[in-house]
Number of protein chains: 2
Amino acid sequence: MVTRRGMTRSAILEASVDLFGSRGFSAVSLDEIAGVVGVAKQTVLYWFPSKDELLDAVLEQTALELAAVIEAAVRSAPDEPLARIEAVIKAVLRPAVRRPALLGLVREVSRLSPDHAARLTDQVRPFVRRATDYLGEEMANGRLRMADPGLVVALAYATVTGIATEPTALQAVEWQATTTGLRRLRRELTEFLLAALRP
Amino acid sequence: MVTRRGMTRSAILEASVDLFGSRGFSAVSLDEIAGVVGVAKQTVLYWFPSKDELLDAVLEQTALELAAVIEAAVRSAPDEPLARIEAVIKAVLRPAVRRPALLGLVREVSRLSPDHAARLTDQVRPFVRRATDYLGEEMANGRLRMADPGLVVALAYATVTGIATEPTALQAVEWQATTTGLRRLRRELTEFLLAALRP
DNA sequence: ACGCTTTTCTACCATATGGTAGACAGCGAT
DNA sequence: ATCGCTGTCTACCATATGGTAGAAAAGCGT
C-alpha cells in the first residue's frame with residue numbers, strides 16, 4: 001500500500017523486534033508480522049527468505065542498536081568507572097522501558113537454536129571483551145571492588161535486562177509504570193549496581 | 001510402557017518443566033513431550049485436558065517447589081538478613097544450575113497470556129510480601145542498606161534468575177560450567193548481592 | 001470369571017504455519 | 001509503446017499441531 005521507497009523492509013524488522021521480543025520467536029507467525037506491518041505474508045518472505053533469516057536480521061539489528069546506545073553513553077561520560085556505569089544504565093533503561101521488546105529479544109537468544117545464539121555471541125564478543133578488560137583495569141586501580149571482571153559483567157547484565165524485561169516481577173512487588181515509578185526504578189537500579197561495584 | 005502407579009502424570013510434569021523452561025512454551029509440542037516421556041500424545045491429553053492446563057499445572061508445581069526450597073533455606077539460616085540472603089542464594093543456585101529450566105520457566109511467564117501470568121503472580125504474592133516486609137524491617141534496623149524494599153526484592157530476583165538462566169551471557173564472558181566454575185559463580189553472585197545490600 | 005473403572009493407544013480431523021510458484025502492478029530507460 | 005526490473009499479491013501446498021472419538025488394555029473388587 002503505502003511503502004514509499006524501501007521502507008517495507010525496515011517496518012518488518014521493527015515489528016519483528018517487538019513481536020519476537022515480547023512474545024518469543026516461535027509464538028509469532030509470519031502472518032501476524034505481516035498483519036502488523038499491513039502487508040501480505042509473501043512480502044515478508046520476499047525481504048527475508050525464511051523466518052530464520054528474518055530472525056538473524058532482527059538479532060543483528062538489535063545488537064547494533066544497543067551497542068550504539070551503550071557506546072555513546074560511555075563516550076559521553078567522564079573517565080570514572082562508576083560514572084560510566086551510571087551513564088550506561090541511564091542510556092539503556094530509557095529505550096528498554098519504552099520498548100521492552102528490545103532487551104526481551106536479547107533474552108530470547110538463550111531459547112533459540114545454538115546457531116543463532118552463536119552468531120549473536122560472536123557479534124557481541126568484542127564489546128564484552130572491552131567491558132571486561134575495562135572493569136579489570138579499574139579494579140586493579142582500586143576504583144572498583146575487586147572481583148572476577150567477566151562474572152561482574154554478566155551479573156550487571158543479568159540485573160539490568162532482568163529488571164527491564166520482567167514486568168511480571170515488578171508487578172508482583174506492586175510497582176507502577178508511571179513517570180515517578182520509572183524514576184524511582186532507575187534510581188534504585190543505579191544505587192543497587194553502584195553499591196555492588198564500589199570498592 | 002513402564003508407568004507403575006500414577007507415575008505418568010508426574011513424569012509428564014517433569015518433562016514439561018524442562019522443555020517449557022528451556023525452549024519456551026509455544027516452541028514445544030505435545031508430541032515432543034509425549035516422546036520424551038515415552039508415551040502417546042493422547043496420554044498427555046488424558047492427564048491434562050489441554051496444553052494450557054498442562055502449563056498451569058507446570059507453573060504451579062514449579063512455584064511450589066521453589067517456594068519450598070527458599071522457605072527451608074530461610075528457616076535454617078540464623079536471624080541475620082545477610083546470612084539469610086546468602087543461604088537463599090546457595091539454596092536456589094544449586095537446583096537452578098542443575099536444572100536451568102526451573103528458573104527458565106519462571107522467566108517464561110512474562111511471555112505468556114496475562115491469564116497465566118496473573119494466576120502465578122497471585123500464588124507467589126504472599127511470599128513476595130513477606131520478603132518485602134522483612135527487608136523493610138531490617139533496613140529500618142540498620143542491618144541492610146536503606147532502599148525501596150519492593151524494588152530491591154525485584155532487583156535481587158532479576159540478578160539471580162538472570163544469571164542462572166542465561167548460559168549465553170555466561171558463555172560470552174567465557175565462563176565454564178565446571179565444578180570450580182560453579183563455585184566461583186556462586187561466590188561472585190553472593191558477594192555481588194551482599195555488596196549491593198550491605199548498609 | 002465377570003463387570004466396572006482407570007489408563008493408554010490408534011485412528012482421525014480442522015486449522016495454522018512456513019514456504020513455493022507464478023501472476024500482476026509500478027516505473028525508469030530506451 | 002515496450003522491455004526489464006522491483007516489489008507486492010493471490011493461489012496453493014505439505015506438514016505440524018492441538019484436540020476429538022472411541023477402541024483396546026490393565027487393574028481390581030466381587
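Chain letters run A, B, ... following the sequence lines, proteins first, then strands; residues in each count from 1.
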| Are B:E32 and B:R23 close enough, and set up right, to give a salt bridge (Lys or Arg N to Asp or Glu O under 4.0 Å), and what steps lead you there? | CA-CA 12 Å; B:E32 191 178 356; B:R23 304 225 320 278; 2.9 Å; yes
| message | In whole Å, I'd like the distance from the CG atom of B:D31 to the C1' atom of C:dA11. | response | 14 Å
| Within the pair A:Y46 and D:dG7, is there a side-chain N or O less than 4.0 Å away from OP1 or OP2? | yes
| said: If you compare every side-chain N and O of A:T43 against the phosphate oxygens of D:dC9 (OP1, OP2), does one of them come in below 4.0 Å? | reply: yes
| task | Give the minimum heavy-atom separation between B:D79 and B:Y134, together with the two atoms involved. | result | OD1-OH, 4.1 Å
| message | Looking at B:R184 and B:E188, is there a salt bridge between them, counting it only when a charged N and a carboxylate O are closer than 4.0 Å? | response | no
| task | Using the ring of A:F25 (Phe, Tyr or Trp, six-membered ring only), decide whether A:K51 places NZ or CZ under 6.0 Å from its centre and within 45 degrees of its axis. | result | yes
| Taking only N and O in the side chain of B:T8, is any of them less than 4.0 Å away from OP1 or OP2 of C:dT7? | no
| task | Decide whether B:L82 and B:M139 are clustered together by the hydrophobic rule: side chain heavy atoms of Ile, Leu, Val, Met, Phe, Trp, Tyr closer than 4.5 Å, transitively. | result | yes
| field | Separation of C:dT8 P from B:F48 CZ (nearest whole Å) | value | 11 Å
| Any N/O donor-acceptor pair, B:K41 side-chain to D:dG19 base, under 3.5 Å | yes
| Atom-pair distance (NZ on A:K51; C1' on D:dT15), nearest Å | 15 Å
| said: Nearest whole Å is fine: how far is D:dA16 C1' from B:I33 CD1? | reply: 15 Å
| message | Check this one for me: any side-chain N or O of B:W47 less than 4.0 Å away from OP1 or OP2 of C:dT8? | response | yes
| query | Under the salt bridge (Lys or Arg N to Asp or Glu O under 4.0 Å) criterion, do B:R130 and B:D133 qualify, and how do the steps go? | reply | CA-CA 5 Å; B:R130 266 181 44 202; B:D133 290 349; over 6 Å; no
| message | Without decimals, in angstroms, what is the distance between B:F25 CZ and D:dT17 P? | response | 13 Å
| the helix from C:dA1-D:dT30 to C:dT30-D:dA1: angle between its terminal axes, five pairs each, to 10°? | 0°
| request: Among the candidates D:dT8, D:dA11, D:dG18, find the nucleotide nearest to the side-chain atoms of B:S29. | output: D:dG18
| request: Can you tell me the distance, in whole Å, between the CD atom of A:E32 and the P atom of C:dT15? | output: 19 Å
| task | Round to a whole Å and report the spacing from CG of B:L54 to C1' of D:dT17. | result | 15 Å
| What is the nucleic acid contact for A:V28, judged by heavy atoms within less than 4.0 Å: base, sugar-phosphate only, or nothing? | sugar-phosphate
| said: Just the rounded figure in Å: distance from P of D:dA25 to CD of B:Q42. | reply: 17 Å
| request: Pick base, sugar-phosphate or nothing for B:L45, based on heavy-atom distances below 4.0 Å to the nucleic acid. | output: base
| message | As a quick check of understanding, evaluate salt bridge (Lys or Arg N to Asp or Glu O under 4.0 Å) for B:R125 and A:E174, giving each step before the final call. | response | CA-CA 10 Å; B:R125 202 181 298 277; A:E174 261 120 53; 3.0 Å; yes
| query | Nearest of C:dA21, C:dC9, C:dG18 to any side-chain atom of A:L30? | reply | C:dG18
